2 protein chains.
Amino acid sequence: MKLTFEKYIASQGLKMTRQRGLILEIFLKKEGHISPEELYSLVRKKDATVGRATVYRMLKLLKEADIAREVDFGDGFSRYEHKYGHAHHDHLICTKCGKTMEVVDEEIEALQEKLAGRHGFSLTSHEMDLFGLCPECREKEARVKRQPPG
Amino acid sequence: MKLTFEKYIASQGLKMTRQRGLILEIFLKKEGHISPEELYSLVRKKDATVGRATVYRMLKLLKEADIAREVDFGDGFSRYEHKYGHAHHDHLICTKCGKTMEVVDEEIEALQEKLAGRHGFSLTSHEMDLFGLCPECREKEARVKRQPPG
DNA sequence: TATTATCTGATAATGATTTTCAAAATCAAC
DNA sequence: GTTGATTTTGAAAATCATTATCAGATAATA
């Protein structure tokens, strides 16, 4: 992955720096998605001199280098996840506690292609986010209904 | 729809105003999605005294009243669409020209429920956006490849 | 009509992200 | 290794969509 990035950097006439190396290293360690702010905060723990703008710039680069993908749950924060050992997936998102799960359903993936094809589209990517209640929050909700406060 | 809104307004102890009526009327006329800024601009054509904040506030109300739904293509703009004669649907989005199509696939919808169920989630909503090239842009792209410029 | 709470528009504030810019760092060529 | 052109960096300012504030206007109700 670091190699992939360095290759990309070189191909674009850009330069490898200490900051980029550090951000990449920390980003790759994180499984699942991470927001720019979270990443910034993790990076600062290792090197407090790194600026926020550098993190944002790096995330953009990682996307261009096809090392990261951006996901958007429509809550005003952007999130990124690396692709290393981390194939495409969709998300189950609990609207109560915010927990997310990564899921894939090959049958759905295939039907998406078919659906697009019926309309003459050729697909390059998709985002599917399923919102609802996770098992724990469903359970909690059920409890509350059984025994209302007061 | 206007009735639905007035009922909601009343139920919440809110008030019906000239501005709200106008914004609702214009919003309902628009098929497909519209951004707050677009809506604001349309409203201003009819009444240049209406403020931007009022449009934003009204969109939030419409969502609460279950008359509008918010869609998010992850490009930094929010968009709203009314539900009148306009059931749930997903989107096909051309990444080249920006054209969007509304689509539904009942088979996919059913599989989404099953998928969520397998993980113990109960779904309340979902957003599925399929990105790719529309027929026109595919055609254009093919032409370019056949006959490179120069 | 008087009363009282809600609304409105203008404007300031917010907050994530981007841009700017001068100083620092990289890297290819010497 | 030094040089020098070019890119990068961090801090701070700028941007831009959206939200909050607030004093005056307006709607609903008695």
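Worth saying up front: this structure is predicted, and the values here are computed from it rather than measured. All values below come from the heavy atoms of this structure, side chains included, with hydrogens, waters and symmetry mates left out.
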Worksheet entry | Bending between helix ends of the helix from C:dT1-D:dA30 to C:dC30-D:dG1 [5 pairs per end, 10° resolution] | 30°
Test item: [X] side-chain N/O and [Y] main-chain N/O as donor-acceptor pair under 3.5 Å:
X      : Y      : value
B:R138 : A:G120 : yes
B:E38  : B:S35  : yes
B:R20  : B:K15  : yes

Worksheet item: Do A:E113 and A:H126 have side-chain N/O donor and acceptor atoms under 3.5 Å apart?
Response: no
Worksheet item: CG/A:L123 to CZ/B:F131 distance, rounded to the nearest 0.5 angstrom?
Response: 10.5 Å
Discussion item. Using 0.5 Å steps for rounding, measure from the CG atom of A:L115 to the CZ atom of A:F121.
Written reply: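 Spacing of CG (A:L115) from CZ (A:F121) equals 10.0 Å.
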Nucleotide [N], atom [atom2] - distance to [atom1] of [X] in whole Å:
X     : N      : atom1 : atom2 : answer
B:E38 : D:dA17 : CD    : P     : 12 Å
B:Y40 : D:dC16 : OH    : P     : 16 Å
B:D75 : D:dT18 : CG    : P     : 10 Å
A:I34 : C:dA16 : CD1   : C1'   : 16 Å
A:K60 : D:dT9  : NZ    : P     : 14 Å
A:F77 : D:dA17 : CZ    : C1'   : 14 Å
B:M58 : C:dT6  : CE    : C1'   : 15 Å

Polar atom pairs between nucleotides 7-9 of chain C and protein, under 3.5 Å, N or O only, would you list them?
unit_1: C:dC7; atom_1: OP1; unit_2: B:K15; atom_2: N; d: 3.0
unit_1: C:dC7; atom_1: OP1; unit_2: B:R20; atom_2: NH1; d: 2.8
unit_1: C:dC7; atom_1: O5'; unit_2: B:R20; atom_2: NH1; d: 3.2
unit_1: C:dC7; atom_1: O5'; unit_2: B:R20; atom_2: NH2; d: 3.3
unit_1: C:dT8; atom_1: OP1; unit_2: B:T17; atom_2: OG1; d: 2.5
unit_1: C:dT8; atom_1: O3'; unit_2: B:Q19; atom_2: NE2; d: 2.9
unit_1: C:dG9; atom_1: OP1; unit_2: B:Q19; atom_2: NE2; d: 3.4
unit_1: C:dG9; atom_1: OP1; unit_2: B:T49; atom_2: O; d: 3.1
unit_1: C:dG9; atom_1: OP1; unit_2: B:G51; atom_2: N; d: 3.4
unit_1: C:dG9; atom_1: OP2; unit_2: B:G51; atom_2: N; d: 3.1
unit_1: C:dG9; atom_1: OP2; unit_2: B:T54; atom_2: OG1; d: 2.1
unit_1: C:dG9; atom_1: N7; unit_2: B:R57; atom_2: NH2; d: 2.7
unit_1: C:dG9; atom_1: O6; unit_2: B:R57; atom_2: NH1; d: 3.4

Fill in: Residue-phosphate contact under 4.0 Å: B:Y56 side-chain N/O, D:dT18 OP1/OP2
yes
Discussion item. C:dA16, OP1 or OP2 - any side-chain N/O from A:S78 closer than 4.0 Å?
Written reply: no
Response to the item:
Contacts satisfying side chain to side chain donor-acceptor pair (under 3.5 Å) that involve residues 51-65 of chain B (not counting sequence neighbours) are B:Y8-B:E64, B:E37-B:R52, B:K63-B:E70
Fill in: Test applied, side chain to side chain donor-acceptor pair (under 3.5 Å); reference residue, B:H88; option that passes from B:R69, B:E127, B:E109
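Passing option: B:E109.
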Worksheet item: Taking it one step at a time, do A:H91 and A:F73 satisfy ring pair (Phe, Tyr, Trp, His ring centres under 6.0 Å)?
Response: CA-CA 9 Å; A:H91 291 101; A:F73 298 157; 5.0 Å; yes
